[in-house]
Amino acid sequence: MEHLKVAAQLLQEGSIVAFPTETVYGLGADARNTTAVEAVFAAKGRPSDNPLIVHIADRKQLDAFTEQVNDLSNKLMDTFWPGPLTLILPLKEQTLSEKVTAGLDTVGVRMPDHPVALKLIAAADCPIAAPSANRSGRPSPTTASHVQEDLMGRIAGIVDGGPTGVGVESTVVQAHHDGTVTILRPGGITAEQLGEVAAKVQLDPGLAIDSGSAASIPAPRSPGMKYTHYAPKGELCVVQGSPNAVSAYVNGALEEAAQRGERTAVLAFSEHLHLYRADAVYSLGSLDRLAEGAHRLYAALRSCDEIGASVLYAEACPRNGLGDAIMNRLLKAAGHRIIHIAE
Ligand code: TXA
Ligand code: MG
């Protein structure tokens, strides 16, 4: 408890502190303090036009910085908070640092479902802006040591709460007056779950490129593409098709890569691990329990970096439930390289 008090005090003084949530570790700052928020962007190396999510521990905190919250937003909070759902709400002017919202008139807010996060926010007694606590372009951190790897020496402290549960970030949504929910980022709360509360759930058109419905890219492209966000150091490609066809293709490509002296890795579901021949094969858990894949994904990507893998392949998964969030993150990590193998 003592270390939580220290962390809360650091936040109040305008320092930046990493803390666990149920999704990934966040890098927190007092959302009203521009200097503190700027320090978050600097520590991460994050472009300042990408707004941050504000975390609260009690819905009463909302009144201070939002207004005209509609009925559907309230219903979603009733159902999913605390939990991995971020709501885009109308911002009350002159309340939060403009750096948090990147000058928008809306703010993304969530109440994390983690006892340490809730205690820390309550003790700091202010809205906490917190992006994932990774260097920009690295997989999000699901353990305190991931945070240490990326941000050691750049932040005031880390509250260690052990490994996070969900493993991928919150779902970001906007709830409209007509009963429609728009998903801006798939995450820990699934479209199916949202559909139990909202009359209609739709994907933001901006997600088309992540869903593979935009023209897919047939061959690996150079890294550093515009849309790469969660990039491992090696070149990752996602492969979709029947398990036998996918593994035959991947093993062929890996053999060629190995002959060129590359170090190879595969991310596959536990049902198919035995099919692959690579320097390392990481399990995303069972296809029947996609929560395992979400939980393991970022650590697996970091492991690929640790072993120095330069050529990586990942199996695609169905988009039901958490599969949507897993595919969104895999495709981002792959710079949208996906190969569809026909039978
Ligand atoms: O699970 C999570 O959400 C984690 C943990 C730490 O809570 N946080 C997180 O924050 O992922 P960050 O900053 O890495 O992601 C913020 C996402 C971005 O996709 C951003 O574009 C979107 O939320 N966002 C934030 N404010 C927004 C706004 N006003 N309008 C639209 N999108 C917004
Ligand atoms: Mg992030």
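First listed ligand is number 1; within each ligand, the first listed atom is number 1.
- Thr171 places a side-chain N or O within 3.5 Å of a backbone atom of Gly187 that can act as its donor or acceptor partner.
- A salt bridge between Glu22 and Arg110 is present, with a side-chain N of the basic residue lying under 4.0 Å from a carboxylate O of the acidic one.
- Against a heavy-atom cut-off of under 4.0 Å, Ile88 is close to the following atoms of ligand 1: 27 (C), 28 (C), 30 (N), 31 (C), 32 (N), 33 (C).
- For ligand 1, the atoms sitting less than 4.0 Å from at least one non-hydrogen atom of Asn50 are 18 (C), 20 (C), 21 (O), numbered in the order shown with element in parentheses.
- Residue contact annotation: Asn134 places no N/O/S atom under 2.8 Å from the Mg ion (ligand 2).
- Between the side chains of Asp178 and Thr180, at least one donor-acceptor pair of N or O atoms lies under 3.5 Å.
- When all heavy atoms of Arg263 and Ile307 are compared, the closest pair comes out as NE-O, 2.6 Å.
- The pair Lys99-Asp49 does not count as a salt bridge, with every side-chain nitrogen at least 4.0 angstrom from each carboxylate oxygen.
- Shortest contact from atom 3 (O) of ligand 1 to any protein heavy atom: Ser170 OG, 2.6 Å.
- Using a 4.0 Å cut-off between heavy atoms, Thr106 contacts ligand 1 through both its backbone and its side chain.
- Glu67 has no carboxylate O lying under 4.0 Å from a charged side-chain N of Lys92, or vice versa, which leaves the two without a salt bridge.
- Note: an N/O pair closer than 3.5 Å links His55 and ligand 1 by distance alone.
- When Ile128, Val147, Leu4 are each tested for a side-chain contact (heavy atoms from CB on, under 4.5 Å) with Phe19, only one passes: Ile128.
- Remark: distances from the non-hydrogen atoms of Pro84 to ligand 1 are all 4.0 Å or more.
- Below 4.0 Å from some heavy atom of Ala130 lie the following atoms of ligand 1, by number and element: 6 (C), 8 (N), 10 (O).
- Each of the following atoms of ligand 1 lies closer than 4.0 Å to a heavy atom of Gly26: 6 (C).
- Under the 4.0 Å criterion applied to side-chain N and carboxylate O atoms, Glu169 and Arg329 are assigned as salt-bridge partners.
- For ligand 1, the atoms lying closer than 4.0 Å to a non-hydrogen atom of Arg110 are 1 (O), 2 (C), 3 (O), 5 (C), 7 (O).
- The closest heavy-atom contact to atom 27 (C) of ligand 1, among the options Ala18, Gly167, Pro51, Ala133, comes from Pro51.
- Using a 4.0 Å cut-off between charged nitrogen and carboxylate oxygen, Asp150 and Lys44 do not count as a salt-bridge pair.
- Heavy atoms of Glu169 found under 4.0 angstrom from ligand 1 belong to the backbone as well as the side chain.
- Between the CG atom in Leu72 and the CE atom in Met77 there is a gap of 10.0 Å [rounded to 0.5 Å].
- Set against the non-hydrogen atoms of Leu104, the atoms of ligand 1 under 4.0 Å away are 28 (C), 29 (N), 30 (N).
- The closest non-hydrogen atom to atom 13 (O) of ligand 1, taken over Arg185, His114, Arg46, comes from Arg46.
- Below 3.5 Å of separation, one finds no N or O of Thr86 facing any N or O of ligand 1.
- With a 4.0 Å heavy-atom cut-off, ligand 1 is reached by no atom of Lys44.
- Comparing heavy-atom distances from atom 1 (O) of ligand 1 across Thr101, Thr21, Thr23 singles out Thr23 as nearest.
- Applying side-chain contact (heavy atoms from CB on, under 4.5 Å) to Val17 and the options Val159, Val6, Ile158 leaves one that passes, Val159.
- Nearest non-hydrogen protein atom to atom 10 (O) of ligand 1 is Pro131 CA, 3.4 Å.
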